[in-house]
Trainee: 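Sharing a structure, written as C-alpha cells. Questions coming.
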Amino acid sequence: MRPNAATLLLFLVSLALTGAGVLAQFRPDLLPPEVVANRFWLVTGGWGVLALGVFAKGL
C-alpha cells in the first residue's frame, strides 16, 4: 500500500508540529516566545493531525 500525497502531507505537518513542541520544551532559547508559550498545543495539534490522518486513511 503506497501512501498518497495527502497522507505524506498530513504526516509531515504532524511531524513539524510535534517537533516544534518538543524543541520548545527542551531548547526554548532557540524559538520565539510565542512558540514556547504554546508548546503544549503544538504537540497536541501534531498528535491530532496524525490521528486525523490515520482515521481518514482507515475509511
Trainee: Could you tell me which residues satisfy side-chain hydrogen bond (donor to acceptor under 3.5 Å, both in side chains) with T7, sequence neighbours excluded, listed by chain and number?
Mentor: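 So T7 forms a side-chain hydrogen bond (donor to acceptor under 3.5 Å, both in side chains) with N4.
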
Trainee: Only one of L50, L12, V49 clears side-chain contact (heavy atoms from CB on, under 4.5 Å) with L17; which?
Mentor: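 Of the listed options, the one satisfying the test is V49.
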
Trainee: Pick out which of V35, V36, L30 makes a side-chain contact (heavy atoms from CB on, under 4.5 Å) with P32.
Mentor: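 Among V35, V36, L30, the one meeting side-chain contact (heavy atoms from CB on, under 4.5 Å) with P32 is V35.
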
Trainee: Same cluster or not: L15 versus F40, using hydrophobic residues (I, L, V, M, F, W, Y) connected whenever any side-chain heavy atoms lie under 4.5 Å apart?
Mentor: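 Not linked; separate clusters.
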
Trainee: Got a second to check how far L31's CG is from N38's CG, nearest 0.5 Å?
Mentor: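 So the CG of L31 and the CG of N38 are separated by 11.5 Å.
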
Trainee: If you compare all heavy atoms of R39 against all heavy atoms of A24, which two are closest, and at what distance to 0.1 Å?
Mentor: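 Scanning both residues, the minimum pair turns out to be CB-CB, 3.7 Å.
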
Trainee: Any chance you could measure L23, atom CG, to D29, atom CG, to the nearest 0.5 Å?
Mentor: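 So the gap between those two atoms works out to 8.5 Å.
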
Trainee: Is it the case that the side chain of S14 and the backbone of W47 share a donor-acceptor pair, with hydrogens and angles ignored and the cut-off at 3.5 Å?
Mentor: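 Looks like no, no N/O pair under 3.5 Å.
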
